[in-house]
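Just below is one structure, and these are the notes that go with it.
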Amino acid sequence: MTYTDRAAAPAILPDRTGVASLLAGIRGVVFRPGDDSYDEVRKVWNGMIDRRPALIVRCAGTADVIACVNLAREQELPIAIRGGGHNVAGSAVCDDGLVVDLTAMNGIEVDPAGRTVRAGPGALWGEFDRETQAFGLATTGGIVTHTGIAGLTLGGGIGWLMRRHGLTCDNLVAADIVLADGQFLHVSDRENPDLLWGLRGGGGNFGIVTAFQYRLHPVGPQVLAGVILHPAERAGEVLRFYRDFIATAPDDLSTIVNLRKAPPAPFLPPHLHGRAVVVIAVCHAGSIEDGERALAPLRGFGEPLIDLIEPKPYTAHQGMFDASVPHGLRYYWKSHYFGPLSDAAIDTLIAHAWQAPSPASYTIMFHLGGALADTGPEAAAFSGRHDGFAININAVWAPPEPDDVAWTREQWDRIHGFSAGVYVNFLDDEPAQRTRAAYSAAAYGRLLEVKRRYDPDNVFRSNHNIDPAVRPGPARR
Ligand SMILES: Cc1cc2nc3c(=O)[nH]c(=O)nc-3n(C[C@H](O)[C@H](O)[C@H](O)COP(=O)(O)OP(=O)(O)OC[C@H]3O[C@@H](n4cnc5c(N)ncnc54)[C@H](O)[C@@H]3O)c2cc1C
């Protein structure tokens with residue numbers, strides 16, 4: 001049962017008359033404590049998160065979003081914004097506040113001639129790719145189909161196409177947004193360009209985005225992609241070869257390394273399940289022939305346990321890792337920018353990588369570089385434009401299994417000396433200086449200016465917060 005009696009207001013809220021009049025006008029669905037679906041709707045991807053909002057409004061359109069923002073401001077309610085609900089820190093939900101749930105605003109409209117797409121903030125990458133690939137088009141998106149486009153874009157957006165086509169946020173050409181005072185703005189290079197700069201990497205700090213418009217590129221539909229697995233015992237030599245291989249790799253080729261125990265995935269033979277492995281995952285965004293040439297040295301190296309690189313639909317590759325990170329398990333992340341891969345860095349990285357008690361925990365490294373460097377700091381707040389890696393140490397477990405938090409922290413501490421900064425979208429619930437570490441000093445200073453202009457009272461603070469009251473100091477680790 002949802003909250004159908006819209007004239008009644010939740011007792012927890014201060015001004016019940018104002019709340020009742022808001023709820024009476026809402027076109028979407030309202031959930032509150034006690035409703036049958038409430039416990040289901042307040043869940044997010046990370047099963048560690050257990051927050052109890054006073055109200056969850058599943059908005060049907062921009063008018064609902066404006067009404068929510070006005071209500072939260074007038075009633076001084078904490079506000080959280082939910083896109084795909086994937087942020088590991090659980091910032092999409094808050095205790096005793098209002099969750100603006102955008103999941104129903106998930107329309108996607110492709111303009112094939114103009115090579116652009118307009119998408120609602122509730123869309124997920126699997127839905128987005130399905131629509132754009134119908135026209136042989138795509139833009140850089142997340143590598144798991146059930147991640148939301150909204151939070152991923154606003155934090156930067158790294159994925160299989162980034163070394164050829166830039167970050168997701170580099171392809172964000174316009175957006176519609178509802179500000180803290182309820183005002184609606186269109187944002188583009190010509191209209192409110194300072195805000196567009198902030199939306200490209202500054203997260204959900206400035207308002208609620210109600211529509212995203214992206215540039216698209218011809219991709220696939222068939223790409224050369226997949227995984228090669230090597231035994232963990234050979235990790236040192238495999239990673240040294242990999243380091244030299246990617247140094248000259250074309251921008252069409254993106255690679256991800258995953259140090260883990262092989263999951264019981266249907267694409268892996270049972271005898272490999274649970275074996276400690278180095279997974280090198282690849283996607284070549286150009287022609288299959290160019291991909292075969294580019295990948296030949298990698299595929300010819302050593303004695304892999306299995307080589308599953310093949311021509312396949314881009315959408316199939318995008319879904320390849322979905323099952324290893326399902327909704328509802330317990331997750332704890334710690335992350336860095338990392339690199340270059342010196343011998344010492346490799347040895348430190350692999351010394352502790354397979355010691356996690358849970359078979360599902362892993363250390364994953366996304367190779368950056370390529371087209372990331374084509375965009376300068378004037379275009380985007382995102383600050384990780386170097387030829388290193390975004391590394392993420394992920395504890396994954398399901399009670400009653402013991403958690404892997406201690407293993408994650410230890411792995412992170414060990415490699416800390418080789419790192420500089422962090423990708424904001426990989427931050428867990430961490431102290432404020434970690435958000436600072438996601439940006440260059442110049443970018444952080446400018447983010448503060450944009451925040452003070454568009455959200456001076458910090459209405460939008462259930463996020464990796466740019467706190468307008470704080471004076472910036474040094475930080476970049
Ligand atoms: C399994 C998994 C795989 C991932 N893979 C990748 C990857 O390949 N590449 C990558 O770059 N990242 C990846 N991430 C990280 C991902 O970018 C972040 O978790 C991101 O926050 C997810 O966005 P969301 O909309 O699903 O999250 P939500 O939890 O819904 O939102 C996170 C935050 O974004 C802000 N936000 C959301 N919607 C809006 C909006 N409409 N307007 C304003 N602010 C908004 C809010 O501050 C909110 O708290 C992955 C995460 C997971 C869990």
Side-chain angles (χ1 to χ4, degrees), residues 43-49 51 59 62 65 68-69 79-94 99-103 105-106 119-126 128 140-162 167-169 175-180 187 195 198-199 201-212 254 256 281 283 318 320-329 331-333 335 362 364 366 368 382 384 390 392 394 396 423-429 435 454-455 459-466:
K43 280 185 192 158
V44 289
W45 170 79
N46 187 354
M48 292 275 275
I49 308 298
R51 302 207 177 114
C59 298
T62 301
V65 176
C68 285
V69 171
I79 192 165
I81 312 167
R82 182 187 179 119
H86 259 49
N87 197 279
V88 68
S91 53
V93 281
C94 56
V99 171
V100 183
D101 179 331
L102 302 163
T103 52
M105 293 172 62
N106 61 353
L124 307 179
W125 282 109
F128 184 97
T140 306
I143 64 161
V144 168
T145 65
H146 48 75
T147 309
I149 66 162
L152 184 139
T153 302
L154 296 171
I158 62 177
W160 291 121
L161 304 180
M162 68 179 153
L167 300 162
T168 313
C169 73
D176 293 339
I177 188 166
V178 175
L179 300 179
V187 179
L195 191 47
L199 295 180
N205 269 286
F206 310 107
I208 303 184
V209 176
T210 55
F212 294 87
S254 285
I256 294 174
C283 180
Q318 280 287 78
M320 191 171 184
F321 304 116
D322 286 3
S324 57
V325 280
H327 288 80
L329 294 184
Y331 296 93
Y332 174 81
W333 290 6
S335 184
Y362 57 92
I364 187 168
F366 294 70
L368 305 173
F382 180 87
N392 206 353
N394 295 359
V396 186
Y423 173 35
V424 75
N425 270 345
F426 287 169
L427 282 175
D428 209 314
D429 195 358
T435 301
Y454 290 99
D455 183 20
V459 168
F460 301 110
R461 58 181 178 277
S462 181
N463 47 38
H464 298 299
N465 195 228
I466 311 291

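Both counts, for ligands and for their atoms, begin at 1 and track the order of listing. FYI, the numbering just counts along the sequence from 1. Everything numeric here is computed off the predicted structure, so don't read it as measured data.
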Option nearest [atom] (shortest heavy-atom distance, choices [options]):
| atom | options | result |
| --- | --- | --- |
| atom 13 (C) of ligand 1 | Asn425, Leu152, Ile149 | Leu152 |
| atom 48 (C) of ligand 1 | Ile81, Val99, Ile158, Thr140 | Ile81 |
| atom 50 (C) of ligand 1 | Phe212, Phe382, Tyr331, Trp333 | Trp333 |

Indicate the ring-plane relationship of Trp333 and Phe426, choosing parallel, tilted or perpendicular according to the 30° and 60° boundaries. perpendicular
Nearest non-hydrogen partners of [X] and [Y], listed with the distance:
| X | Y | answer |
| --- | --- | --- |
| Gly204 | Asn463 | O-ND2, 3.2 Å |
| Cys59 | Val100 | SG-CG1, 3.7 Å |
| His86 | His327 | CE1-NE2, 3.4 Å |
| Met105 | Val65 | SD-CG2, 4.1 Å |
| Phe460 | Val178 | CZ-O, 4.3 Å |
| Pro121 | Ala150 | O-CB, 3.5 Å |

Distance from [atom] to nearest protein heavy atom, with residue and atom:
| atom | value |
| --- | --- |
| atom 35 (C) of ligand 1 | Gly204 CA, 4.0 Å |
| atom 47 (O) of ligand 1 | Asn463 CB, 3.4 Å |
| atom 45 (C) of ligand 1 | Leu154 CD1, 3.5 Å |
| atom 41 (N) of ligand 1 | Val209 O, 3.0 Å |
| atom 26 (O) of ligand 1 | Gly148 N, 2.9 Å |
| atom 21 (O) of ligand 1 | Asn87 ND2, 3.0 Å |
| atom 34 (O) of ligand 1 | Gly151 CA, 3.6 Å |
| atom 8 (O) of ligand 1 | Ile143 N, 2.9 Å |

Report, in ascending order of atom number, the atoms of ligand 1 lying under 4.0 Å from any heavy atom of [X].
| X | answer |
| --- | --- |
| Ser462 | 47 (O), 49 (O) |
| Trp45 | 1 (C), 53 (C) |
| Gly207 | 42 (N), 43 (C) |
| Thr147 | 2 (C), 3 (C), 4 (C), 22 (C) |
| Ser91 | 32 (C), 33 (C), 48 (C), 49 (O) |
| Val325 | 1 (C) |
| Pro121 | 41 (N) |
| Arg82 | 30 (O) |

Thr168: partners by side-chain contact (heavy atoms from CB on, under 4.5 Å), with sequence neighbours left out: Trp125, Thr140, Leu152, Thr153, Tyr214
I'd like to check [X] versus [Y] (side-chain heavy atoms, cut-off strictly below 4.5 Å). Are they in contact?
| X | Y | value |
| --- | --- | --- |
| Ile177 | Tyr454 | no |
| Val88 | Trp45 | yes |
| Val325 | Val396 | no |
| Val44 | Arg82 | yes |
| Phe212 | Leu154 | yes |
| Leu427 | Thr435 | yes |

Residue-level breakdown please: for [X] versus ligand 1, do any non-hydrogen atoms fall below 4.0 Å on the side chain, on the backbone, on both, or on neither?
| X | result |
| --- | --- |
| Thr168 | neither |
| Ala92 | both |
| Phe460 | neither |

Supply the atom-to-atom distance Met320 CE to Thr145 OG1, rounded to the nearest 0.5 angstrom. 13.5 Å
Check for me whether [X] has a heavy atom closer than 4.0 Å to any atom of ligand 1.
| X | answer |
| --- | --- |
| Gly159 | no |
| Gly85 | yes |
| Phe426 | yes |
| Tyr423 | yes |

